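Below is one structure, written out as structure tokens; the observations come after it.
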Amino acid sequence: MSDHPSYPARRRSSRPRWCGNLRLVDASDAAGLLTEVLVTQEQIRTRLGEIAAEITRDYAGTGPGDLLLVGVLKGAVMVMADLARALPFSVQMDWMAISSYGSGTRSSGVVRILKDLEVDLSGRHVLIVEDIVDTGLTLSWLVSNLESRGPASVRVCTLLRKPDAATLDVDVRYVGFDIPDAFVVGYGLDYAQEYRNLSCIGTLDPAAVGV
Ligand code: IMP
């Protein structure tokens, strides 16, 4: 059993609602897009507060400017914004965009850098901030890549992890929620670049998106 918080009970929502030609995304009922809400906005807020407290304790000995949060675009935008604001001390932030080749919704671990970091990592404590660890292939590549740049340390924080899908055992220091091996959207996670701005996280209803 995982020692991380689990997700709430199954819940089926109503049909999608529309605003003109735009599909509404609503945190309270997910506007009929989801078959299940796995993690609510409130649970995310609470859990990120707990993780921020852990990070604060763990990095208490580091000097000003030593801790760098590295966010992975685009999925980690929400978690980075909320986690960083839950920290009671100043941190620096930088972003990478990487593309992981794969078939369908699964990655292959063959990664290409689309946007690299702008800062030097030498001697810095790097905390990678991820939205989700699925197979772990992308993250494993990223950790090795950043470790090769001479940082003082590299650790990983992810909001979601799918333990059943892991093909590589990557050391993830901070995990928000362990979730089942299902495709999820919301809070930064997309399906075909949509639904990132849902405030909760859930499994997409194939009928609602016409797939
Ligand atoms: P991994 O290399 O299999 O761990 O895949 C990591 C990347 O795949 C994540 O950073 C996401 O961009 C994407 N991904 C994996 N699972 C999901 C999901 O359930 N919903 C949306 N994107 C996902």
Side-chain angles (χ1 to χ4, degrees), residues 2 4 6-8 10 25 27 30 33-41 43-44 47-48 69-83 93-117 126-147 154-206 208-209 211:
S2 159
H4 299 292
S6 60
Y7 51 95
R10 177 179 291 264
V25 285
L33 291 168
L34 307 178
T35 51
E36 288 178 56
V37 174
L38 295 186
V39 192
T40 65
Q41 184 176 14
Q43 285 174 310
I44 295 170
R47 184 71 188 124
L48 287 182
L69 303 186
V70 171
V72 184
L73 294 170
K74 306 170 188 160
V77 166
M78 308 296 183
V79 58
M80 178 77 138
D82 287 342
L83 177 67
M93 291 182 255
D94 202 354
W95 299 91
M96 273 184 92
I98 53 183
S99 151
S100 181
Y101 296 101
S103 58
T105 54
R106 276 276 135 85
S107 69
S108 64
V110 181
V111 176
R112 186 164 59 106
I113 297 178
L114 303 176
K115 183 217 169 291
D116 207 344
L117 297 174
V126 174
L127 180 59
I128 298 172
V129 178
E130 268 281 24
D131 49 355
I132 191 163
V133 180
D134 185 3
T135 62
L137 290 166
T138 307
L139 185 60
S140 164
W141 177 91
L142 185 61
V143 169
S144 314
N145 182 286
L146 299 190
E147 277 176 345
V154 177
R155 285 182 180 168
V156 180
C157 172
T158 185
L159 182 65
L160 303 174
R161 180 173 63 178
K162 296 181 190 171
D164 296 342
T167 56
L168 279 180
D169 191 16
V170 189
D171 181 18
V172 181
R173 178 64 66 112
Y174 310 100
V175 179
F177 301 91
D178 280 328
I179 61 166
D181 185 10
F183 193 80
V184 294
V185 294
Y187 198 72
L189 289 153
D190 74 304
Y191 170 75
Q193 299 302 325
E194 300 275 352
Y195 315 116
R196 291 191 196 274
N197 60 322
L198 270 172
S199 302
C200 60
I201 293 164
T203 47
L204 198 58
D205 184 349
V209 292
V211 293

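Everything numeric here is computed off the predicted structure, so don't read it as measured data. Whatever order the structure lists them in is the order used to number ligands and atoms, beginning at 1.
- Counting heavy atoms only, Ile132 comes closest to atom 23 (C) of ligand 1 of the residues Leu204, Ile132, Leu142.
- Geometrically, ligand 1 and Gly136 share a nitrogen or oxygen pair separated by less than 3.5 Å.
- In this structure Asp171 satisfies the side chain to side chain donor-acceptor pair (under 3.5 Å) test with no other residue, sequence neighbours excluded.
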> So Ile98 and Trp141, side-chain contact (heavy atoms from CB on, under 4.5 Å) or not? Walk me through it.
Replying inline: CA-CA 10 Å; Ile98 53 183; Trp141 177 91; 3.9 Å; yes
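- With ligand atoms numbered from 1 in the order given, ligand 1 contributes 10 (O) to contacts under 4.0 Å with heavy atoms of Glu130.
- Put simply, no part of Ser140 is less than 4.0 Å from ligand 1, judged by heavy atoms.
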> Under the side-chain contact (heavy atoms from CB on, under 4.5 Å) criterion, do Thr203 and Leu38 qualify, and how do the steps go?
Replying inline: CA-CA 7 Å; Thr203 47; Leu38 295 186; 4.2 Å; yes
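- Note: no N/O pair closer than 3.5 Å links Val133 and ligand 1 by distance alone.
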With a cut-off of 3.5 Å and sequence neighbours excluded, list every side-chain donor-acceptor pair involving residues 73-82.
residue: Lys74; atom: NZ; partner: Gln193; partner atom: OE1; Å: 3.3
residue: Asp82; atom: OD1; partner: Arg85; partner atom: NH2; Å: 2.7
residue: Asp82; atom: OD2; partner: Tyr187; partner atom: OH; Å: 2.5

> Would Val39 and Val184 satisfy side-chain contact (heavy atoms from CB on, under 4.5 Å), going step by step from the backbone distance to the final call?
Replying inline: CA-CA 10 Å; Val39 192; Val184 294; over 6 Å; no
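- Contacts between Val184 and ligand 1 below 4.0 angstrom, taking non-hydrogen atoms only, involve backbone and side chain alike.
- When heavy-atom distances to ligand 1 are checked against a 4.0 Å cut-off, Asp190 comes that close only through its backbone atoms N, CA, C and O.
- Among Asp134, Thr203, Asp181, the residue whose heavy atom sits closest to atom 15 (C) of ligand 1 is Asp134.
- The ligand atoms of ligand 1 that sit less than 4.0 angstrom from a heavy atom of Asp131 are 10 (O).
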